Asks: 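Dropping the structure in here first, questions after.
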Protein chains: 2
Amino acid sequence: MGVRERRPVTSVDVAKRAGVSQSAVSRAFSRTASIAPGTREKILKAAAELDYRPNRIPAIMLSGRSGMVGVVVGGLSNPFYAGALEHLVCSLRERGLQVLLVHVDDALTLDDALEQLLGYRIDAVVTALAIGSKAVAKALDALRIPVICFNSRLTGQWISTVSSNNRAAGVVAARVLRERGVMQPVWLAGALRNAASVARGEGFRRGLGAMAGELVSLQGADTYESGYDAVSAMLLRGVRPDGMFCSNDMMACGAIDALCERAGLSCSRDVMLLGYDNIPQGAWRAYDLTTFDQGVGQLVKTACEVLANALEAGGEPVSQNIVIEARLVERGSTAGG
Amino acid sequence: MGVRERRPVTSVDVAKRAGVSQSAVSRAFSRTASIAPGTREKILKAAAELDYRPNRIPAIMLSGRSGMVGVVVGGLSNPFYAGALEHLVCSLRERGLQVLLVHVDDALTLDDALEQLLGYRIDAVVTALAIGSKAVAKALDALRIPVICFNSRLTGQWISTVSSNNRAAGVVAARVLRERGVMQPVWLAGALRNAASVARGEGFRRGLGAMAGELVSLQGADTYESGYDAVSAMLLRGVRPDGMFCSNDMMACGAIDALCERAGLSCSRDVMLLGYDNIPQGAWRAYDLTTFDQGVGQLVKTACEVLANALEAGGEPVSQNIVIEARLVERGSTAGG
DNA sequence: TCTTTGATTGCATAGCTATGCAATTTCTTT
DNA sequence: AAAGAAATTGCATAGCTATGCAATCAAAGA
């Protein structure tokens, strides 16, 4: 048998074996093309025997569309983002789009990463970056391909956003605490440049109304540790809250642990507490956290629809901004008693 | 100015503007090619003015190498996998490899997904699937490209594995519990087809030695809920453990919560408990979980090296199996008192 | 100055598929 | 049965870059 050829199987090989032209092979694998059922069957049989897989690369060259979407993530350590990514990958695949994944620490990495992705002629970009600056927006807009951002305030000709109604949720959080007689409310903010966090804080303050004067604001950084540390410091300063709203669930868990461990305060009995994101860990019995569910499924589905619209716009920039209401999920941390 | 052309900028456009040939442009963007510094500068300037990005697609056709690696994940809801993915994406990018991400629920999805990925001529596959069957191994091996699996027993000409020493860790877990006077050990297993879990259980049983007769084995499914439920059922049956080894941290957290809530048992004071994976949540104060750290960094680094080897093998199948020792991380859940 | 060497550049091509168009075959209709 | 309509098929080509090869040019040595 001589040397085993490693040359990949092409449509020409299949055509030869099936006794048809190369174009027939191409059509056999296309859903829309016109081809006789018998011919298709014959070709698919030959293809299976040769273990032929249609090569998408030449098609990309011809159409200029790769069918790949660049997905930029940062902070997968937050289960909310990990879950969102999982949903996103599935939804995009259902639409025949592949995910080219990039992880980003800072703006520098982002530029680099985008350069590389552009070489692959990605059709669009989806980002779940919590933090976005004007520079980032500019870099994304310069790509001249559709960009979809979650919970971001980035703007641009090509940039669409899908966000939960952070401000409204903040108002609701305040109402819940007021209704239950909270006298000393505390707001635990996320990273300074996290637009969603800022909006949640604004809503909370507004919702507190007359009580806003009593509000104590803490600065966190979106992580469990930052929540734990911020609340520990607050306790050392002698502040004794009876109600808290935390910009996300990770920090909320940190806050609960600090309250308990540093001051013996029990969440719910001594302090009512709300988080945001509805991560699985918030439902763990040790935390039993009241929180806001952004509806990851809905969020991702909407993002995909926006994306599909933008891709069909035929090279014209599309910019939509969609807001989805978050749903309050009440658990033990606001049950009182 | 007429109609704005949407045709993407090609190397020919840059060549024209810079007054050189198309090949010169190609060489200007290549690190190895021979080109005069002045010429390169001139070309890069023209390229920047036109906003030209080298297109990798034609190069893929010529070389047959896409520079993309298919990464198959399932269960990103386990923070261990989410973290591993994050590391992996970064490490691969440092080596100039892009990540084409696929999420998989079951074997069916996998076949579909692989079909699609093959169309993009991926150079290799990396999987972090906890669960692998013979059918999966066969499907992967049939791709005739390097495959790297984490913590798996999949075998094949093209399949390499990188695993932590699950059995040895199980032995260590048993020793820890024995040394601290545990009389009623319990093993909480992960999903049945999870090879890593099986190995951990075997090691644990072996490490218990004479005490293995007392061992109570529970069946979980790798999730928090499954751990909570399995332990709750055990408590209902009247079993009162004083030492537990859980196949992963998620289940360990569920176990701790069930012990406390269903039987008022305190982890550490009444029950010594170990997990596996060292997920961030295990370090949260509410759990303070002793666990085994697989060393994600090391694991991923090794996987990338194996991958690089395999890619350099020039089409010949490569199969390595590397085992890394897990490190015991002692925290409060085994502190006693 | 002439030859030799090395560096730089351009030409031409390969790589594989999808698709417009024309040619051919099959089916319908009268 | 003939003509027209519809379906099917093959031919030829575009799409963009990297690279072997030959040609050109500059520099160095004789």
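Bear in mind the structure is a predicted one, so any value in this text is a computation, not a measurement. So that the names make sense, note that chain A is the first sequence line, chain B the second, and so on, each numbered from 1.
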Asks: Using only heavy-atom distances, determine whether the side chains of S164(A) and Q294(A) contain a donor-acceptor pair under 3.5 Å.
Replies: yes
Asks: What string of B, S and - do you get for nucleotides 14-22 of chain C 5' to 3' if you count protein non-hydrogen atoms under 4.0 Å?
Replies: BBBBBBB--
Asks: Could you pull out all residues at least two apart from A195(B) that satisfy side-chain contact (heavy atoms from CB on, under 4.5 Å)?
Replies: R153(B)
Asks: Roughly what angle, to 10°, lies between the helix axis at the start of the helix from dT1(C)-dA30(D) to dT30(C)-dA1(D) and the one at its end, five pairs per end?
Replies: 30°
Asks: When you look at V69(B) and L100(B), which way does the side-chain contact (heavy atoms from CB on, under 4.5 Å) test go after all the steps?
Replies: CA-CA 6 Å; V69(B) 172; L100(B) 213 43; over 6 Å; no
Asks: By salt bridge (charged side-chain N to carboxylate O under 4.0 Å, His left out), which residues pair with D13(B), not counting sequence neighbours?
Replies: R7(B)
Asks: Grab the CD1-C1' distance between I35(B) and dG10(C) for me, whole Å please.
Replies: 12 Å
Asks: Do the two ring centres, one from F29(B) and one from Y52(B), sit under 6.0 Å apart?
Replies: yes
Asks: Using modelled atom types and a 3.5 Å cut-off, is there a donor and acceptor pairing between side-chain atoms of S160(B) and backbone atoms of N321(B)?
Replies: no
Asks: Mind jotting down which residue pairs meet the salt bridge (Lys or Arg N to Asp or Glu O under 4.0 Å) criterion with at least one end in residues 21-47 of chain B? Sequence neighbours excluded, please.
Replies: K45(B)-E49(B)
Asks: Mind checking side-chain contact (heavy atoms from CB on, under 4.5 Å) for A196(A) and listing every partner two or more places apart, or none if nothing turns up?
Replies: N151(A), N166(A), N194(A), R200(A)
